[in-house]
Amino acid sequence: MSAETTALIVALAGVLGTLSATVITQRAAFRVKQLESVDRQRERSEDRVETARLHALQQKREAFADLNTAARRLRALAHETLLAREQSKDCDLPKLIELRASYRDALGQAQMLLSDRGLTMADEANDALALVTGVARGDLRKLFPTTESFNEFRAWIDAPLVDSLRLLRRALREDLGVVPESQDLLAERERLAAKRRKIEAALRPRWLDAWRD
């Protein structure tokens, strides 16, 4: 092999080596860009998921806070109305009806977000609030023919009804992950429901008369 041929081969090898290195470098750079693009897409996807999660959590917080506030306000005004009417004092029945409507709106929003366990607690609180608001608007003389029967109902408002709202608040906090699930919550709910049904059973024979015009 002549010196010229050898030189040509060496030159060609150098050119090919340079071209190969350039191609390899370009392919490596392209691969890096591909990986970076995949990482960015994954990060954006994760960000969207996290944003959606935080938005949903904020919706739950707001809905649950509204429900808790509305339930407590309704209970307080119903209690106040009941005592005022029992003492023949002025009371704001339209305001009670307005608060009842606001509570039902808040309940409707929260029901779409509550777990089954939370719904169970909300149902009991709702039944208890429906009872106290119904009684507060009824004819107390017909509903409670004796002082003893009225005092029994007041005692229910002051303790079991308050406890029903406390259980609701606990269930809301559990749904938000603020506190762990209580093993006693369902049993406590049944105990309070039994007390409410006992009150309802005592009032039922007089209920229609109390609401007749």
Peer 1: Is there any side chain to side chain donor-acceptor pair (under 3.5 Å) pair reaching into residues 86-102, and which pairs are they, with sequence neighbours excluded?
Peer 2: Q87-K89
Peer 1: Are I97 and L83 in one and the same hydrophobic cluster, where Ile, Leu, Val, Met, Phe, Trp and Tyr link if side-chain heavy atoms are under 4.5 Å apart?
Peer 2: no
Peer 1: Is D127 salt-bridged to R196, cutoff N-O under 4.0 Å?
Peer 2: yes
Peer 1: Is a side-chain N or O of E174 found less than 3.5 angstrom from the main chain of S182, in a donor-acceptor match?
Peer 2: yes
Peer 1: Do L114 and L172 touch side chain to side chain, with heavy atoms closer than 4.5 Å?
Peer 2: yes
Peer 1: Starting from the C-alpha separation in whole Å, work towards a yes-or-no answer on side chain to side chain contact (heavy atoms under 4.5 Å, CB included) for F153 and L203.
Peer 2: CA-CA 10 Å; F153 188 75; L203 292 173; 4.2 Å; yes
Peer 1: Side-chain contact test, heavy atoms from C-beta onward, threshold under 4.5 Å: evaluate it for L57 versus R61 and give yes or no.
Peer 2: yes
Peer 1: With rounding to the nearest 0.5 Å, note down the distance linking CG in L140 to CG in L82.
Peer 2: 5.5 Å
Peer 1: Can you confirm whether L129 sits close enough to L165 that some side-chain heavy atom of one is under 4.5 Å from a side-chain heavy atom of the other?
Peer 2: yes
Peer 1: With a 4.5 Å cut-off on side-chain heavy-atom distances among I, L, V, M, F, W and Y, is there a chain of contacts connecting V132 to V162?
Peer 2: no
Peer 1: Can you find a heavy atom in the side chain of D105 that is under 4.5 Å from one in the side chain of Q109?
Peer 2: no
Peer 1: Enter the distance from R169:CZ to L167:CG here, rounded to the nearest 0.5 Å.
Peer 2: 12.0 Å
Peer 1: Hey, could you give me the CH2/CG distance between W156 and D163, rounded to the nearest 0.5 Å?
Peer 2: 11.0 Å
Peer 1: I need the minimum non-hydrogen distance between L93 and A136, along with the two atoms involved.
Peer 2: CD2-O, 4.1 Å
Peer 1: Rounded to the nearest 0.5 Å, how far does OG1 of T81 lie from NE2 of H79?
Peer 2: 10.0 Å
Peer 1: In terms of hydrophobic clustering (I, L, V, M, F, W, Y; side-chain heavy atoms under 4.5 Å; direct or indirect links), are L168 and L119 co-clustered?
Peer 2: yes
Peer 1: Measuring from R117:CZ to R170:CZ, what's the distance to the nearest 0.5 Å?
Peer 2: 8.0 Å
Peer 1: Report the residues that fulfil salt bridge (charged side-chain N to carboxylate O under 4.0 Å, His left out) with R75, sequence neighbours left out, ordered by chain and then residue number.
Peer 2: D158
Peer 1: Looking only at heavy atoms, what is the nearest atom pair of L143 and R206, with distance?
Peer 2: O-NE, 2.7 Å
Peer 1: Do you know which two heavy atoms are closest between L131 and I199, and how far apart they sit?
Peer 2: CD2-CG2, 3.9 Å
Peer 1: Within a 6.0 Å radius of atom CZ on R73, are there more than 12 heavy atoms belonging to other residues, nucleotides or ligands?
Peer 2: no
Peer 1: Can you measure from CG (L67) to CZ (R104) and round to the nearest 0.5 angstrom?
Peer 2: 12.0 Å
Peer 1: On the 0 to 90° scale, with breaks at 30° and 60°, tag the F150-F144 ring pair as parallel, tilted or perpendicular.
Peer 2: perpendicular
Peer 1: V135 and R85: which non-hydrogen atoms are nearest, and at how many Å?
Peer 2: O-NH1, 4.3 Å
Peer 1: Counting neighbours of CD on Q58 that are heavy atoms of other residues, nucleotides or ligands and sit closer than 6.0 Å, is the number greater than 12?
Peer 2: yes
Peer 1: Taking all non-hydrogen atoms of both residues, which atom of A70 and which atom of Y103 are closest, and how far apart?
Peer 2: CB-CA, 3.8 Å
Peer 1: Does the pair R166/E188 count as a salt bridge with the N-to-O cut at 4.0 Å?
Peer 2: yes
